[in-house]
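Working notes, structure below.
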Amino acid sequence: MKNIKTDLSIVLSGEAGQGIQTLDRLLMKMFKFSGRHVFSFSEFMSRIRGGNNSTEIRVSSKRADSFLDRIDVFVPFGHGAMARFHERITGDTVIIGDPAFIDDRYRGGGYTVVEIPLSEIAKEIGGKTFLNLVVMGLFAGLFGINEEGVQGQIRAQFSRVAADVIEKNIEALRKGIEAGREIARSGNIKNLPEASPDAMKELLINGAETITLGGIAGGCNFVSSYPMSPSTDVLVNFAKYSEDFDIIVEQAEDEISAVNMAIASWYAGGRAMVTTSGGGFALMTEGLSLAGAIESPLVIHVGQRPGPATGMPTRTEQGDLLFAIYAGHGEFPRIIYAPGNYSQGFDLTRKAFHMADKYQVPVILLTDQYFLDSYGTVPGMEIDNSMSENIITETYSGYRRYQVTESGVSPRGIPGYGNGIVCLDSDEHDEGGYITEDFAVRVVQVNKRMRKLQSMGPDSIPPDLYGPDDFLCLIVSWGSTLNGILEAIKASGRSDIALLHYSQVYPLHGDTEKYLKKARFTAIVENNYTSQFGSLIRMHTGFEFDRKILKYNGMPFSVEELAEEFKKFA
Amino acid sequence: MKNIKTDLSIVLSGEAGQGIQTLDRLLMKMFKFSGRHVFSFSEFMSRIRGGNNSTEIRVSSKRADSFLDRIDVFVPFGHGAMARFHERITGDTVIIGDPAFIDDRYRGGGYTVVEIPLSEIAKEIGGKTFLNLVVMGLFAGLFGINEEGVQGQIRAQFSRVAADVIEKNIEALRKGIEAGREIARSGNIKNLPEASPDAMKELLINGAETITLGGIAGGCNFVSSYPMSPSTDVLVNFAKYSEDFDIIVEQAEDEISAVNMAIASWYAGGRAMVTTSGGGFALMTEGLSLAGAIESPLVIHVGQRPGPATGMPTRTEQGDLLFAIYAGHGEFPRIIYAPGNYSQGFDLTRKAFHMADKYQVPVILLTDQYFLDSYGTVPGMEIDNSMSENIITETYSGYRRYQVTESGVSPRGIPGYGNGIVCLDSDEHDEGGYITEDFAVRVVQVNKRMRKLQSMGPDSIPPDLYGPDDFLCLIVSWGSTLNGILEAIKASGRSDIALLHYSQVYPLHGDTEKYLKKARFTAIVENNYTSQFGSLIRMHTGFEFDRKILKYNGMPFSVEELAEEFKKFA
Amino acid sequence: MSSVFDFERPPDMAWCPGCGNYDIIKAVRSALDDLNISRDRIVMVSGIGQAAKTPQYVNASFFNGLHGRSLPAATAIKASNPGLTVVVESGDGCTYGEGGNHFLAALRRNPDITNLVHDNMVYGLTKGQASPTSRKGFKTPVQITGVFLEPFNPVAVAVAMNASFVARAFSGDIEKTKEIIKKAITHRGYSLVDILHPCVSFNRVNNFSWYKSNTYYLDDAYDPSNRSEALKKSVEMEKLPLGVIYTNSNNKTFEENLAPYKKNDAPLYLRKLDAGKLMRIIEANLK
Amino acid sequence: MSSVFDFERPPDMAWCPGCGNYDIIKAVRSALDDLNISRDRIVMVSGIGQAAKTPQYVNASFFNGLHGRSLPAATAIKASNPGLTVVVESGDGCTYGEGGNHFLAALRRNPDITNLVHDNMVYGLTKGQASPTSRKGFKTPVQITGVFLEPFNPVAVAVAMNASFVARAFSGDIEKTKEIIKKAITHRGYSLVDILHPCVSFNRVNNFSWYKSNTYYLDDAYDPSNRSEALKKSVEMEKLPLGVIYTNSNNKTFEENLAPYKKNDAPLYLRKLDAGKLMRIIEANLK
Ligand SMILES: Cc1ncc(C[n+]2csc(CCOP(=O)(O)OP(=O)(O)O)c2C)c(N)n1
Ligand SMILES: Cc1ncc(C[n+]2csc(CCOP(=O)(O)OP(=O)(O)O)c2C)c(N)n1
Ligand code: SF4
Ligand code: SF4
Ligand SMILES: [Mg+2]
Ligand SMILES: [Mg+2]
């Protein structure tokens, strides 16, 4: 039996449609209220019912916010719930659950099994639906969490449910708590993570919500999208907030419509965004090129999943980076952000609106299923109007939309605001926006557009260096791998390793070479096959990494597999 | 007055709809029959009537097949036909034409003007429509081309026209010939290019036709496309040959349909291709990714034009290279060819079908308006069945479409041929083609797909080195810039310069580094703003060019401007 | 009832218990059996969605392509090998939403394929957003105040466009649905069957009993070749008529119009390039 | 006849002499003048094609986007600032071909925009391929044996989908076309006007006199609000009826249904983020 001091990893596994995600949220909230740091990652199949889904919840006294291989407590929710986890279930794992759901091979010899007739308990109370509450109670009891507090949470959350049902919920909870206390007493699971006061104050959020809220903080008031995993939650969240913040949320007939609507909304004074995944983004690339041609602001969220084509709709990958950078015919500047944690998710989405508006370029937010579907906590968010204001000009007679300027950015007018007219053409155009076939004008307009790459420089986000300034080994990564790498560096016990993490992946920041040259050994970590960011870095610096750590099976890196790799660094 | 020994450059300039392109073809044919090498490049506006279009015809005793700034003879076909050419009309240019069409600034002082009342002559014969024949005659007379031969050409070409109209054509021709002889006698234009016997035997072709004929030679029997300049001619040509070669030619409702049709046709035993330009290709990127996922052969022709978005629909650029390389979400192998001359246009399109079939990957043919719309001659073409045969397997009970093999290539069955069934899924799939969510199977299938990058190696086309093996300066280029660079190297008088030209631009050939390292000075020539191929080379070799020669105004490089640059090489 | 399209080992079907898709696949399998269609001469084509998984559960060749793109794929498959029976199965979102433009094109092209649209008036696989056929007022996590767009009526559009075969079915009646499917497959030309079916997970409004009480079968006297009658029937929205609503056999099929098949029926894969002819034509045209 | 939408210096118009587009733009300009629409409150939206160049020649704001994508753009412009008059002008290929799916969506969404489709039954700008409305038998360099697809009938589809305003016009009659356009612009909701016009360069079949003899005006007694009459009229193909064929004012417009406008009319650009509220909601929901 392992002594877990600060950090417990719980895996709940069952079929789609059993409500494991609901239970996940209930537990997360409960643990957070009890003063624990929490993090959970859900992995699920592309189906509505059946199959096998799971969630890993980490409960911890310090921030612990990445995917772990280790399973401390495993709760199966049905037959076949354990099969996919066999390699991760070890002698240190405590298996808690219905006797019927525990595979025979775990019985007798080497495994710690706590059999509790969970389904029966639920059935006695009134049916399967109460199973979740029993399990919630079980963990409340195990952790010795204040019973009234948990009851309060349930009463608040189910406030719209009939009174007798609530009471049954409470009963289920109580039964669970008893069972949990029993386990605690048994001493099978020792040294549970203790409460830490700062956790309680944090906000509980998932990646998708950081994008939505960041968007709202950036003044987003127009969202046109077509549902596509794993980005749909962002669309759903915007719909949820649409009435509160006067946001037009429109489900488009297809992604092509979505992106053209978003661009045209900016033209007419909206602050628009689309959310999609790789396949939908592919359909938007002509629109992206349109934004480039007419110098329209545009924010595109791309939640990556494994490709090509439909690929693995509910899994994770970082396989669309170079596509995002070069998507769209012709040449034009763009910005690509890839948040590494929830704060960045919020801040960068907010900033995306501002940068799109300031430089009149498309900004792409590149996330992935791992980022979007994992829950965790964040201390707070910066909210003011600095990124949500329209950067527009009142037009006047003679106003020219594409007036040539030193920065390449022309004052942006919108129709209906001022006496001028605002003319946009996807053909090459003159300063007034009218079609031109003049070669000299073409060159002037290309130069003007491309000049923004320079103008944007000061607003470029440098990579973040985590770890010792005098590192010997340097890991480079981008996007959602941030937390896992940081935890793995700690776990590796190596104090000579630093991480250089990019949340702005394009344009590549100028400091890159400086950092890389300093290192004795360099490695890149990417959730893809070809090391796309590594290729980008080579394209811009000539630099090649000593080691490429790549994963492309559809799952995020685990802390353990990374730590294993880091230990081997020369 | 310049003494032109081997090479005359004629520019005809007028409005859209005046039939300048028809005249261009008539003249090309006539000159070729007379034993001259010919080349012509048409540049035109994106409109049907009016505006200003021109064609530059080079008539030469040796092959001369690239765009020249120099204009030896200029014929205006209307008011305003000269304005856009002022910088290129010099004291050495002989201006021949209707007094009404010759701008005043060319009269008196420094310019050679030959006024001939061309329109009046045509009118006397019967109307404007005869103008072309008068001009044709004019050049026949000037060159002293056998009159009967030219008459024969006319009679053959207009065989379906009423007899009296033909006679009027002949009359127009004769009037022109008289005028031409007059000019010849005047001695204004001296030393016209002499005939060379080999020219007569050559085939007269344009870029678009090389793609079509190469496709047919590759066994193409299914073309689904949506019209888009400058690629429409390829579609039109396929339609023209459809009955002769049993080709299904379908105008799709949009590019998305086009690409999905083409992929599905391969599935059902067709050999399919789409032709489009950047904007249409953007819409096909999801389909491209589908081809990657289901390992479908696919041939896509992309005729580049300046972007972004609608850009300059009838102009040229090489701006879609990196887009083509990274288009489509997810990771999968592909091949990209970029023909540099007509032979390559034919050979590579033919080969594209074979390679697509052999490795079950999409193959992209990247051309541009300059390549597609310029006419010239080619000695002949290799035609046999070696590239047109289906590489398919008769299926059997238990056949599995994605059987894992060492090369990554699985025997390709098609439905209806054999007793087996052929199952294709855009989701990640197992060997049988059925959806899988198994992480291990995912990895096996990714590895299998990506292994083809290695297997394809032996079939990879190395870059061609033109010039001295012991070069000091090395120019690198790709696609349509080939001929212009070769002529410019000659014109520069520099014998230390070699050209390394890529007709396969992706995957980048392994010899690249070897060549680059040998050079004292390196330069890259590209018809774009950002030097996309240069970036690709750096991504793969770390190598950076000393000099980037880039042009992005919508026109191809001229020999002179390149030669100017080459002369400056250190 | 066993079918030649069953698997030796039954596949793990990814549909929810109680879903109408199970009934549709039964009707499809037995229609194919009834028509004696051979397993190696049929191709099932689909896009992406819950309905689009159908081909995975029919033991035959399939092309399971992109969301919304089943019709161009099916059209090309049929055109490349007209000897194959081509059946397209996909959802309402896939066919009328993402694929709307291809739906219009298929109506015009008239390939000899059968298009079975599993119409549950919702996006199932992506967890319950409105589809083009969702009724007004239908609330979802995206349409939070209810759908306010006019529902798409595929039958009316098809009849208005003078389509070849237009029918509506309801999964709840497997036998009648099977018969309609058989007519659709045997009909020469593009056959649309909009098959209403309940989605028990995401459409609680248009459930089994809703369909029961909001549909009726056209009576035997109804003549589907009468266009003006069909037009009238097709726009009925209060109670949706079921059965074959319109047929029009005046038009040739897409395949019949294609260059290769004017001379012979051989599928493309059996044809060879005539290299000599190509050589001759090149010499003749380009010299 | 001068218009506030004229330029000081007349632009170089890229249309062929004799093209019907000239008549359409005249009708549009004078309709706008008649309706007293102010130059700074109107946006012209188009895709790509010859027709799509129209906004370039009307002295007003315009959004000349991608081929086929005029309708999503126009819908979003109107939704972002409902105070603007939004007129979409594009070709038959652009609107019904590449843009077919958006056409279907616009019919369902019912934004208060006016869609003038310059229908010359051909792709003009790309030099004469068939468009969805090309008649059977029409030969082109791509359709070398003639079009064999059923022509798309936008009017029939629109009526079948219970659209808001459906009309057909002919460029040859500027005055009547103008009146139809005025009705379309003043109508609340999505208004489709399919404007037949000759393409003198690429459509030698459906020329001026063809249109003259293959169209007729609906008489004054015709009641466009009668759907079943409209359905009948809409499918007439021998002689194409001209005029307002169908109107349906039962549905709210797209904009009226949108969250922001339920409380007030202010266009999006005049609204500001309520940062305090955002803070409160975050604290309430996520704590
Ligand atoms: C280009 C693209 N956009 C979006 C998706 C995501 N997606 C998959 S299925 C689906 C909707 C399915 O609805 P429907 O066609 O009605 O099928 P159902 O699941 O209801 O049977 C969507 C939006 C996708 N796979 N590809
Ligand atoms: C995505 C894309 N595909 C194709 C084109 C090429 N294209 C430009 S206009 C046009 C057809 C125009 O036809 P129509 O809309 O009828 O307009 P018209 O020129 O006849 O007025 C096409 C195919 C394009 N610009 N973009
Ligand atoms: S989500 Fe709906 S349509 Fe899909 S399987 Fe479940 S019940 Fe059927
Ligand atoms: S091509 Fe046809 S539609 Fe276009 S301008 Fe000329 S005549 Fe008009
Ligand atoms: Mg559905
Ligand atoms: Mg047209």
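Computed from a prediction, not measured in an experiment: that's the story for all the values here. Naming convention: chains lettered A, B, ... in sequence-line order (proteins, then strands); numbering from 1 in each chain.
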Query - Minimum heavy-atom distance B/D233-B/A208, with the two atoms named - result: CB-CB, 3.6 Å

Report task. Say whether B/R350 and B/S386, considering side chains only, have a donor N or O and an acceptor N or O under 3.5 Å apart. Result -> yes

Query raised in the report: Heavy-atom distance under 4.5 Å to chain B: side chain of C/L258, backbone, both or neither?
Result: side chain

Query raised in the report: Heavy-atom distance under 4.5 Å to chain C: side chain of B/Y434, backbone, both or neither?
Result: both

Query raised in the report: Under 3.5 Å, is there a donor-acceptor pair linking the side chains of C/N110 and C/N251?
Result: no

Query - Step-by-step salt bridge (Lys or Arg N to Asp or Glu O under 4.0 Å) determination, C/R108 to B/E253 - result: CA-CA 10 Å; C/R108 295 186 54 229; B/E253 59 275 26; over 6 Å; no

Query - Proximal component of B/Y417, with respect to chain C [non-hydrogen, under 4.5 Å] - result: both

Query - Pairs of heavy atoms under 4.5 Å with chain C: top-ranked of B/I205, B/D427, B/N221 - result: B/N221

**Report entry** Structural part of B/I392 lying under 4.5 Å from a heavy atom of chain C
**Finding:** side chain

Report task. Among the options C/V43, C/V45, C/L71, C/L104, pick out the one with the most heavy-atom pairs lying under 4.5 Å from chain B. Result -> C/V43

Query raised in the report: Does B/K351 reach the main-chain N or O of B/M387 with its side chain, forming a donor-acceptor pair under 3.5 Å?
Result: no

Query raised in the report: For C/K287, is it the side chain, the backbone, both or neither that has a heavy atom under 4.5 Å from a heavy atom of chain B?
Result: both

Report summary line: Looking only at C/K263, C/R69, C/R271, the option with the highest number of non-hydrogen pairs under 4.5 Å against chain B is C/R69

Report summary line: Turns out that what part of B/E389 lies under 4.5 Å from chain C's heavy atoms comes down to side chain

Query raised in the report: Among C/P11, C/A73, C/P72, which residue forms the greatest number of heavy-atom pairs with chain B at distances under 4.5 Å?
Result: C/P72

Query raised in the report: For B/S388, is it the side chain, the backbone, both or neither that has a heavy atom under 4.5 Å from a heavy atom of chain C?
Result: side chain

Report task. Report yes or no: do C/S46 and C/N64 form a side-chain donor-acceptor pair below 3.5 Å? Result -> yes

Query raised in the report: Is it true that B/W266 and B/F222 have ring centroids separated by less than 6.0 Å?
Result: no

Query raised in the report: Checking B/I414 against chain C: side chain, backbone, both or neither under 4.5 Å from a heavy atom?
Result: side chain

Report summary line: Note: vs chain C, highest number of non-hydrogen pairs under 4.5 angstrom among B/D384, B/D254, B/V259, B/N419 is B/D254

Report task. May I ask you to decide whether B/R412 forms a salt bridge with B/E295, counting only side-chain N to carboxylate O separations under 4.0 Å? Result -> no

Report task. Please flag which part of C/K262 lies under 4.5 Å from any non-hydrogen atom of chain B: side chain, backbone, both or neither. Result -> side chain

Query - Interface residue of largest heavy-atom contact number with chain B, from C/A275, C/S61, C/A74, under 4.5 Å - result: C/S61

Requested in this report: Go through the side-chain N and O atoms of C/Y96 and C/D194 and say whether any donor and acceptor fall under 3.5 Å apart.
Outcome: yes

Report task. Please indicate whether C/D265 has more than 12 foreign heavy atoms, meaning atoms of other residues, nucleotides or ligands, lying under 6.0 Å from its CG. Result -> no

**Report entry** B/N390 portion near chain C, given a 4.5 angstrom heavy-atom threshold
**Finding:** side chain

**Report entry** chain B contact via C/I77 - side chain, backbone, both or neither, heavy atoms under 4.5 Å
**Finding:** both

Requested in this report: Ignoring hydrogens and angles, state whether a donor on the side chain of C/N21 or C/H118 is under 3.5 Å from an acceptor on the partner side chain.
Outcome: yes

Report summary line: Cut-off 4.5 Å, heavy atoms of chain C, and the answer for B/I294 is side chain

**Report entry** Option that, when pairs with chain B are counted at under 4.5 Å, heavy atom only, ranks first among C/L273, C/D274, C/D40
**Finding:** C/L273

Report summary line: Looking only at B/M200, B/K201, B/R271, the option with the highest number of non-hydrogen pairs under 4.5 Å against chain C is B/K201

Query - Pick from C/N101, C/N81, C/I48 with the largest number of heavy-atom pairs that fall under 4.5 Å of chain B - result: C/N101

Query raised in the report: So which of B/K32, B/K29, B/E250, B/E209 has the biggest tally of heavy-atom pairs under 4.5 Å with chain C?
Result: B/E250

Report summary line: If one checks every heavy atom of B/A252 against chain C at 4.5 Å, the contacting part turns out to be both

Report task. Sort B/A217 into side chain, backbone, both or neither according to what part of it lies under 4.5 angstrom from a heavy atom of chain C. Result -> both

Query raised in the report: So, B/S40 versus B/D24: side-chain donor-acceptor pair below 3.5 Å or not?
Result: yes

Query raised in the report: Between the side chains of C/T133 and C/D92, is a donor N or O closer than 3.5 angstrom to an acceptor N or O?
Result: yes

**Report entry** Side-chain donor-acceptor pair present, C/S80, B/S265, cut-off under 3.5 Å
**Finding:** yes

Query - Max heavy-atom pair count under 4.5 Å with chain C, selected residue of B/I247, B/D244, B/I263, B/L213 - result: B/D244

